[in-house]
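Have a look at the structure below, then the notes.
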Amino acid sequence: MSDENQYRLSVPDLSSWILRGGVVLSVLVMLCGMTISFLHNGMNIERIERTPFDNRLSLIWDGVLHGSGKAIVEVGVYMLVLTPILRVFVSMILFVFSERDWLYALITFAVLLLTLAGLLLLH
Amino acid sequence: MFLELSTAAGALLGAVLLSTLVNPKALSLLFGLTLLVSLVPILVRIGEEFPRNVQNDGLATRLRLNGTYFDKRLGLDVTYNVTGIPVALGVMFVAGAISGLLGIGAGVLKVLAHEMVMKVPTKVSTATSNFMIGVTAASAAGVYIRRGLVLPFLVVPVAVAVLIGAFLGTMLMERMSNARIRQVFAAALAIIGLQMILRGLGLEI
């Protein structure tokens with residue numbers, strides 16, 4: 001059993017790496033977008049307060065293809081929101097395949113459904 | 001993870017339903033008062049390093065919520081039990097709903113539930129709450145993004161500052177005693193409580 005344990009990824013360890021990596025990565029993406037936007041248009045308080053979030057993914061995607069700094073910031077925001085959801089998803093996979101802990105797999109699945117509902121379904 | 005179930009449900013409810021039904025000002029006031037009142041039991045036990053005489057309750061045993069952590073400051077493993085799960089679930093739901101509505105409150109109420117209801121050591125309670133906040137926030141944030149209520153350029157400086165603060169705070173927390181962390185928490189509780197009451201009265205600072 002001890003042999004097996006050594007090579008097994010624990011749920012808390014992996015979760016912590018996903019959270020750290022995801023947060024750092026999304027902040028870096030946001031900073032890139034902010035810098036690009038700043039170089040193109042300058043930045044002032046009014047612009048920060050008046051610029052709304054594109055609520056359609058296709059708009060954001062078009063923006064990224066055109067090199068829009070704002071769209072890149074929005075991608076970063078989405079990455080930030082998706083980070084904990086990814087963490088829940090990976091935990092669920094580990095509970096099923098690595099730990100074979102069905103009770104926790106089920107609980108994690110329910111958490112995943114709720115978070116995804118917030119992102120995808122509800123207005 | 002089990003408690004996240006309850007808190008995520010609350011966050012969704014807060015962001016979706018309550019924001020159209022409940023007056024946020026009244027809620028700020030209520031939330032601020034709740035925090036100030038809960039300051040009392042924290043202050044009573046402010047010098048305590050570990051909760052004493054905690055027995056696992058039935059649910060905690062079935063879900064294996066008790067555990068052990070390595071305390072860097074003390075240099076030894078600390079074993080703890082967990083109690084009061086049903087009440088904690090209720091508080092988590094309320095915490096989720098309030099944070100979905102006010103954008104604040106999830107962490108504070110979660111730490112309160114961990115400390116006062118479940119009686120886990122302070123370091124375990126702050127760490128666990130940090131772990132859970134992401135789920136609460138993501139549940140509510142999705143709704144707000146789709147409504148176009150998020151300001152993308154405002155997110156960036158906030159995110160950078162929070163990230164730096166969080167890394168520094170985590171490093172500090174490992175080296176501090178549980179009693180000292182509780183003192184910091186009590187101060188934060190007082191400040192946020194007052195600020196929420198002021199916001200509820202319409203006096204923004």
Side-chain angles (χ1 to χ4, degrees), chain A residues 11-12 15-16 19-20 22-24 26-27 30-31 33-35 37-38 43 47-56 60 69-74 76-78 80-88 91-92 95 101 103-104 107-108 110-123, chain B residues 1-17 19-20 59 62-65 67 69 92-93 96 100 127-128 130-164 166-167 170:
Chain A
V11 172
S15 298
S16 112
L19 288 178
R20 265 188 278 188
V23 169
V24 171
S26 22
V27 168
M30 284 185 219
L31 277 176
M34 192 92 169
T35 313
S37 195
F38 179 77
M43 190 57 68
R47 202 159 160 245
I48 290 177
E49 284 182 342
R50 294 277 159 89
T51 310
F53 203 101
D54 289 322
N55 54 2
R56 296 221 331 266
I60 297 179
K70 180 192 162 212
I72 296 175
V73 170
E74 287 165 344
V77 174
Y78 263 107
L80 193 63
V81 173
L82 285 173
T83 298
I85 300 180
L86 177 71
R87 184 221 119 198
V88 174
S91 307
M92 183 182 78
F95 278 131
D101 185 334
L103 176 62
Y104 268 86
I107 294 172
T108 318
V111 173
L112 190 66
L113 281 187
L114 283 173
T115 42
L116 284 177
L119 203 62
L120 301 175
L121 297 176
L122 301 162
H123 285 261
Chain B
M1 191 59 75
F2 178 59
L3 295 165
E4 284 172 13
L5 195 60
S6 178
T7 198
L12 278 184
L13 186 81
V16 177
L17 298 175
S19 55
T20 52
L59 266 174
R62 281 186 69 175
L63 295 163
R64 303 181 301 280
L65 293 177
Y69 81 97
M92 293 302 164
F93 187 80
T128 311
N130 258 315
F131 219 63
M132 292 167 62
I133 288 173
V135 171
T136 319
S139 310
V143 179
Y144 286 128
I145 286 180
R146 289 168 61 92
R147 285 185 186 165
L149 292 173
V150 178
L151 296 172
F153 289 127
L154 192 59
V155 175
V156 184
V158 173
V160 171
V162 167
L163 185 65
I164 295 170
F167 273 114
T170 312

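Values in this document were obtained by computation on a predicted structure and should not be read as measured data. So that the names make sense, note that chain A is the first sequence line, chain B the second, and so on, each numbered from 1. In what follows, every heavy atom counts, from backbone to side chain, and hydrogens, waters and symmetry copies are set aside.
Heavy atoms closer than 4.5 Å to chain B are found in both the backbone and the side chain of A:L31. Of the atoms belonging to A:V73, it is side-chain heavy atoms, and not backbone ones, that fall under 4.5 Å from chain B. In this structure, the portions of B:L154 lying under 4.5 Å from any heavy atom of chain A include both its backbone and its side chain.
Nearest heavy-atom pair, A:K70 versus B:F153, reported as atom, atom and distance to 0.1 Å: CB-CZ, 3.7 Å.
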Item checked: Residues A:V24, B:F167; criterion side chain to side chain contact (heavy atoms under 4.5 Å, CB included); working and verdict -> CA-CA 11 Å; A:V24 171; B:F167 273 114; 4.2 Å; yes

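Every residue meeting the side chain to side chain contact (heavy atoms under 4.5 Å, CB included) condition with A:I85, not counting sequence neighbours, appears here in chain and number order: A:L82, A:L112, A:T115, A:L116, A:L119, B:A138. Take A:S16 and apply the side-chain hydrogen bond (donor to acceptor under 3.5 Å, both in side chains) test, not counting sequence neighbours, and it matches A:R20.
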